[in-house]
Amino acid sequence: MWWANGINSVGDGVFVAALPLLAVTVTQDPRQISLIAAMTYLPWLLLSLPTGVLVDRHDRVTLMWICQLIQAVLVAGVAGAAAVGMVNIPLLATAAFLLGSAEVLITNAAQSALPRFVAPDLLQKANSNQQVAQYLGANTLGPPLGSFLFALMPALPFGLDGVSFVASATLLTRLPRHHVERTERRSAGHEMIEGLRWLAKHKLLRLLAFMLAVNTFCNQVGFATLVLYATKTLHVSPDEYGLMLLGVGVGGTIGGLVNARIAHSLGAIPALIMAYAANSMIYLAMGLAPSGTVLAILLGACGFAVTITNVVTVSLRQQIVPESLLGRVNSVYRMLGWGLMPLGSAVGGFVAARYGLRAPLLGAGGIRTIALILAFPALLAGARRLQRRP
């Protein structure tokens, strides 16, 4: 799983750097650029609940590699369109939606499958290792490689992403299968409602889902037009843009190596509060960045903080939620947490068009700060409840 995640993440990083660069060759309109980001995350709102049922009904590893092969075909299509000069915004938006749809299922299946391979007391370490692989690939090695390949030929990074999907899927086929025992067959709607009810009754996870919703919304507000902010306001070249994104990978990789120790030393919820507070300030600073170099450093700090929140929240769900419900509860959690991302992308594009390219990051930092202040008492109460658990 670690190697598959790492290889696939390199391809993802190449794609993440190349897609906005390809979009900028078609249009300079922030609203159209943000549309592509919105379509990438719209599946989290539309498809999370039904994919949760699939993850609990079927072998999770098999679902992962099948979806990755589908993604390979999709990015091969983008590569072909780029090669013959037939790229347009509707094509890129459609591809983003279909790739995002497969990613919804893959992410849920991966997080739900991990507890079958890892002892409960090692879940935080295992999730940290997965974060290291993801940040090394998607944020450290992939983006500069994607920018470099895009400069050589726009089709190259998308072709490489397709190869990474095939390689990752091949590795996943070697993992052991898990037969899902089902004593009764209930409707998909009934099973989705079961996941909704379970999360609704759990105060801490319900609060963390709310915090995730606010933070991912703000992330998309700030980052949907990042390529325009970097290239137009801070005068970063396409090659430098990939190197700038490297900051996220370096910070996230360092965070993945040490965040399990931080969470163990401070406690899960105090570490989470610290990460939330740090990211709020980082967003405000990014909106005031004087240069691409400063923005890259701040992106690294952001990556470091994000790994703490990811590892802590994923590990808590894996430890608290019953295994038979994990796929459905994950799907509800991610639907609530990621469902506002398309709206955030759209808002970011319109805010940038009206108030300037710095405004989305400044606004996102302000919203995150207010949300943390409001949630602070409940987070402390959740920390006390965790301490009382056996």
Side-chain angles (χ1 to χ4, degrees), residues 111 115 120-128 131 195-219 221-222 251-252 254-286 298 301-322 325-326 329-330 332-341 344 363-390:
Q111 291 183 358
D121 60 333
L122 293 176
L123 276 173
Q124 218 166 58
K125 183 176 180 181
N127 283 311
S128 295
Q131 287 284 301
L196 281 164
R197 286 176 176 169
W198 195 97
L199 184 62
K201 293 177 181 178
H202 200 284
K203 293 182 180 179
L204 177 59
L205 293 185
R206 190 176 66 226
L207 173 63
L208 294 182
F210 164 77
M211 291 298 295
L212 179 63
V214 172
N215 291 331
T216 53
F217 170 81
C218 291
N219 182 73
V221 169
I254 295 172
L257 293 172
V258 303
N259 57 29
R261 298 175 192 169
I262 293 174
H264 179 74
S265 300
L266 300 179
I269 302 302
L272 202 57
I273 293 171
M274 179 193 73
Y276 284 147
N279 245 341
S280 298
M281 298 301 103
I282 291 166
Y283 270 60
L284 294 171
M286 285 194 292
L298 292 169
C302 181
F304 183 91
V306 167
T307 58
I308 295 177
T309 61
N310 286 347
V311 168
V312 169
T313 55
V314 170
S315 299
L316 282 174
R317 293 201 306 276
Q318 291 169 337
Q319 291 166 347
I320 294 172
V321 182
L325 280 168
L326 190 52
V329 174
N330 267 337
V332 177
Y333 185 95
R334 297 301 283 268
M335 182 195 71
L336 296 174
W338 288 47
L340 292 180
M341 291 179 79
I367 294 171
R368 292 187 71 153
T369 302
I370 294 170
L372 178 58
I373 292 171
L374 294 175
F376 187 74
L379 286 171
L380 290 182
R384 289 192 291 268
R385 286 195 296 271
L386 280 180
Q387 289 176 344
R388 291 195 295 266
R389 289 183 69 218

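Quick note: residue numbers are just sequence positions, from 1.
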CD1/I262 to CD/Q124 distance, rounded to the nearest 0.5 angstrom? 11.0 Å
Just verifying a value: how many Å separate H202 NE2 and Y333 OH, rounded to the nearest 0.5 Å? 11.5 Å
Which donor-acceptor pairs under 3.5 Å do side chains of residues 206-216 form with protein atoms, sequence neighbours excluded?
| from | atom 1 | to | atom 2 | distance (Å) |
| --- | --- | --- | --- | --- |
| R206 | NH1 | A200 | O | 2.4 |
| N215 | OD1 | R368 | NE | 3.0 |
| N215 | OD1 | R368 | NH2 | 3.3 |
| N215 | ND2 | M211 | O | 3.1 |
| T216 | OG1 | L212 | O | 2.8 |
| T216 | OG1 | A213 | O | 3.3 |
| T216 | OG1 | G337 | O | 2.3 |

How far does CG of L340 sit from CG of N219, to the nearest 0.5 angstrom? 12.5 Å
How long is the gap from CG on L123 to CG on L316, to the nearest 0.5 Å? 10.5 Å
Under 3.5 Å donor-acceptor pairs involving side-chain atoms of residues 301-315, not counting sequence neighbours:
| from | atom 1 | to | atom 2 | distance (Å) |
| --- | --- | --- | --- | --- |
| T307 | OG1 | N259 | ND2 | 3.4 |
| T307 | OG1 | F304 | O | 2.7 |
| T309 | OG1 | V306 | O | 2.7 |
| N310 | ND2 | Q131 | OE1 | 3.3 |
| T313 | OG1 | T309 | O | 2.6 |
| T313 | OG1 | N310 | O | 3.3 |
| S315 | OG | N127 | ND2 | 3.0 |
| S315 | OG | V311 | O | 2.7 |

Search all heavy atoms of C218 against all heavy atoms of Y283 and return the closest pair with its distance. O-CE2, 3.8 Å
Measure across I269 and A383 and return the closest heavy-atom pair with its distance rounded to 0.1 Å. CB-CB, 3.6 Å
Report the residues that fulfil ring pair (Phe, Tyr, Trp, His ring centres under 6.0 Å) with F217, sequence neighbours left out, ordered by chain and then residue number. none
Side chain proximity check, V321 to L205, heavy atoms < 4.5 angstrom: yes
On a heavy-atom basis, the closest approach of M281 and T369 is CE-OG1, 3.5 Å
Would L266 and I273 satisfy side-chain contact (heavy atoms from CB on, under 4.5 Å), going step by step from the backbone distance to the final call? CA-CA 10 Å; L266 300 179; I273 293 171; over 6 Å; no
Got a sec, which residues hit side-chain contact (heavy atoms from CB on, under 4.5 Å) with I370, two or more places apart in sequence or on another chain? L374
To the nearest 0.5 Å, tell me how far L325 CG sits from N330 CG. 10.5 Å
Atom pair CD (Q319) and CG (D121), whose distance is rounded to the nearest 0.5 Å: 9.0 Å
Run the side-chain contact (heavy atoms from CB on, under 4.5 Å) test against A285 and tell me which residues pass, sequence neighbours left out. L298
